[in-house]
Amino acid sequence: MLKELPSLSTILSAYASISAMAMLIRTILNEMLPERMTNYIFSMIYDFTSAYFSSDFTFIIENRWHAGDNQLFRAAEIYLPTIIGPSSDSLLVGFDESSDPTTPPKRSIPVDCRIKDDFDGMRLEWTLSSIEPKKYYVPTKRFFSLTCNKRDRERVEQRYFPYINRTAQEILNKSDSLSIYTYDQECSMWEPTAFKHPSTFETLAMEPQLKEFIMKDLDSFMERKEFFENVGRAWKRGYLLYGPPGTGKSSLIAAVANYMRYNVYDLQFQGVRNDYDLRRILTSTTNRSILLIEDIDCITTASHDRTKVIEKCEAEEDEDENKRPFSINYRVSNTIRLTQLH
């Protein structure tokens with residue numbers, strides 16, 4: 001059998017001939033075909049060979065899904081920093097305003113970082129990628145690539161992804177820091193800032209009976225998820241706060257956020273251009289959050305005449321209070337909504 005094998009020189013000669021032929025074909029294609037067509041041909045060849053000779057399968061998890069934020073992408077952002085090990089080639093670290101600088105910095109995932117994970121005997125590899133848009137008003141596209149063995153594909157979908165969601169939720173429940181988000185219209189994204197308002201229900205100046213009523217109402221809201229599902233309603237709770245400046249509207253909102261341990265999304269309606277823009281902004285908020293809408297009189301045509309309405313009300317102080325223009329309450333109002341499900 002050894003005598004029938006070709007010699008080393010014959011193998012090297014054949015390899016050189018094949019390489020030269022491949023280089024010749026590539027040169028001819030580059031000279032005769034447009035670059036896009038050439039790239040398409042080579043991509044088709046790569047896909048064909050990968051489908052039959054590669055044992056890997058890749059999941060793509062984008063940051064947007066069906067006109068809203070992809071909750072699996074967010075769960076991966078929370079989960080992956082907790083498993084970064086020596087095999088990773090880079091790590092993003094830093095402190096926010098609420099962090100103690102004497103403690104270890106908080107971790108995050110840089111672009112193109114590779115993270116390996118082991119789950120139920122499966123070898124998994126994550127990679128974060130980012131694509132910058134050519135148009136400035138189009139948000140940056142970010143996505144995770146999860147590579148696994150083809151035979152593990154079903155187990156990843158059925159067991160690994162639910163495990164990531166559960167773990168991320170547990171991490172959020174244990175988190176001590178809260179954030180307040182402001183929408184950046186140019187970048188089409190919510191920008192977070194550390195929420196450090198000291199107001200709590202213990203320090204809030206409010207009638208004890210009313211304070212207890214609000215706290216019981218919040219507790220009831222948290223415990224009645226199944227009730228909302230049974231009656232076919234979204235799991236939400238809304239409050240309308242109105243009164244002159246300095247009466248504690250913002251302090252009450254902060255107390256609710258600290259009591260519920262919910263992040264706050266501060267929405268200014270003046271920057272909303274149309275219904276599509278509003279829908280995109282609302283669907284990009286997270287569950288377990290407070291949506292704060294301030295100065296709701298600014299979204300109506302009546303807001304342009306607020307000064308006239310106020311002057312008219314002051315001139316008619318002797319009239320019955322119920323006859324005053326309705327917009328006088330909206331002039332100094334906040335609307336908050338606790339959101340669990342979009």
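- The CD atom of Glu191 sits 11.5 Å away from the OG atom of Ser179 when rounded to the nearest 0.5 Å.
- Closest non-hydrogen pair, Phe59 versus Cys148, comes out as CE1-SG, 3.9 Å.
- The structure places CZ of Arg64 at 11.5 Å from CZ of Phe73, a figure rounded to the nearest 0.5 Å.
- Using a 4.5 Å heavy-atom cutoff, the side chains of Glu77 and Arg142 are in contact.
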Could you check Thr58 against Ile60 for side chain to side chain contact (heavy atoms under 4.5 Å, CB included), going step by step and ending with a plain yes or no?
CA-CA 6 Å; Thr58 302; Ile60 304 298; 3.9 Å; yes
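- At a threshold of 4.5 Å between non-hydrogen side-chain atoms, the residues Phe201 and Val256 count as touching.
- To the nearest 0.5 angstrom, Ile253 atom CD1 is 9.5 Å from His197 atom NE2.
- A salt bridge is defined here as a Lys NZ or Arg NE, NH1 or NH2 lying under 4.0 Å from an Asp or Glu carboxylate O, and Asp56 with Lys150 fails to meet this definition.
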Verify side chain to side chain contact (heavy atoms under 4.5 Å, CB included) between Glu294 and Lys249, making sure each step is shown before the conclusion.
CA-CA 10 Å; Glu294 298 193 66; Lys249 298 186 298 297; over 6 Å; no
Check the pair Phe228, Lys225 against side chain to side chain contact (heavy atoms under 4.5 Å, CB included), reporting the backbone distance first and the verdict last.
CA-CA 5 Å; Phe228 281 83; Lys225 178 181 178 180; 6.0 Å; no
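- Annotation: side-chain hydrogen bond (donor to acceptor under 3.5 Å, both in side chains) contacts of Asp152 (sequence neighbours excluded): Arg155.
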Test Thr286 against Asp69 for side chain to side chain contact (heavy atoms under 4.5 Å, CB included), laying out the working first.
CA-CA 8 Å; Thr286 62; Asp69 278 13; 5.7 Å; no
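- To the nearest 0.5 angstrom, Ser145 atom OG is 8.5 Å from Arg114 atom CZ.
- Contact check for Asn63 versus Thr140: no side-chain heavy atoms found under the 4.5 Å cut-off.
- Under the 4.5 Å side-chain heavy-atom criterion for ILVMFWY residues, no single connected hydrophobic cluster contains both Leu80 and Leu92.
- Asp112 contributes atom CG, which lies 8.0 Å from atom OG of Ser90 (distance to the nearest 0.5 angstrom).
- The minimum heavy-atom distance linking Tyr265 with Ser289 is given by the pair CE1-CB, 3.6 Å.
- Electrostatic pairing of Arg280 and Asp277 counts as a salt bridge here, judged by a charged N lying under 4.0 Å from a carboxylate O.
- Tested against Asn263, the residues Leu178, Ile180, Ile290 include a single side chain to side chain contact (heavy atoms under 4.5 Å, CB included) partner, Leu178.
- Val264 and Ala257 make their closest contact through CG2-CB, 3.8 Å (heavy atoms, listed as atom of the first residue, atom of the second, distance).
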Side chain to side chain donor-acceptor pair (under 3.5 Å) between Asp117 and Tyr160, intermediate numbers included
CA-CA 11 Å; Asp117 192 14; Tyr160 184 59; 2.6 Å; yes
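- Annotation: side chain of Asn258 is in contact with side chain of Phe195 (closest heavy-atom distance under 4.5 Å).
- Residues Leu267 and Leu278 meet the side-chain proximity criterion, which asks for heavy atoms closer than 4.5 Å.
- Linking ILVMFWY side-chain heavy atoms closer than 4.5 Å, directly or via other members, places Met215 and Phe213 in a single hydrophobic cluster.
- Here Phe143 contributes atom CZ and Ile61 contributes atom CD1; the two are 11.0 Å apart, rounded to the nearest 0.5 Å.
- Using a 4.5 Å cut-off between side-chain heavy atoms of Ile, Leu, Val, Met, Phe, Trp and Tyr, with links allowed through other members, Ile214 and Met222 fall into the same hydrophobic cluster.
- In the hydrophobic clustering of ILVMFWY residues, with side-chain heavy atoms under 4.5 Å counting as a link, Ile171 and Ile115 come out apart.
- If you chain together hydrophobic residues whose side chains sit under 4.5 Å apart, Ile281 and Phe269 fall into the same group.
- In this structure, Leu218 and Met260 have side chains that are in contact, with non-hydrogen atoms separated by less than 4.5 Å.
- Leu204 places a side-chain heavy atom less than 4.5 Å from the side chain of Ser251.
- Side-chain contact check for Trp190 and Thr285: no donor-acceptor pair (N or O, by modelled atom type) lies under 3.5 Å.
- The shortest side-chain heavy-atom distance between Lys116 and Asp118 does not fall under the 4.5 Å cut-off.
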For salt bridge (charged side-chain N to carboxylate O under 4.0 Å, His left out), just list the numbers for Arg153 and Glu157, CA-CA rounded to whole Å, side-chain angles, deciding distance to a tenth of an Å, and then say yes or no.
CA-CA 7 Å; Arg153 172 183 172 180; Glu157 290 185 271; 3.8 Å; yes
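- Shown here for Ala75 and Asn165, the closest heavy-atom pair between the two residues is CB-OD1, 3.2 Å.
- Between the side chains of Tyr239 and Asp217, at least one donor-acceptor pair of N or O atoms lies under 3.5 Å.
- Listed here is the closest heavy atom pair of Ile109 and Ala76: CD1-O, 4.3 Å.
- Under the 6.0 Å cut-off for aromatic ring centres, Tyr183 and Tyr181 do not qualify, their centroids lying 6.0 Å or more apart.
- Trp126 and Phe161 have perpendicular rings, their planes meeting at more than 60° on a 0 to 90° scale where under 30° would count as parallel.
- Side-chain atoms of Thr203 never come within 3.5 Å of backbone atoms of Ser199 as a donor-acceptor pair (strictly under, hydrogens ignored).
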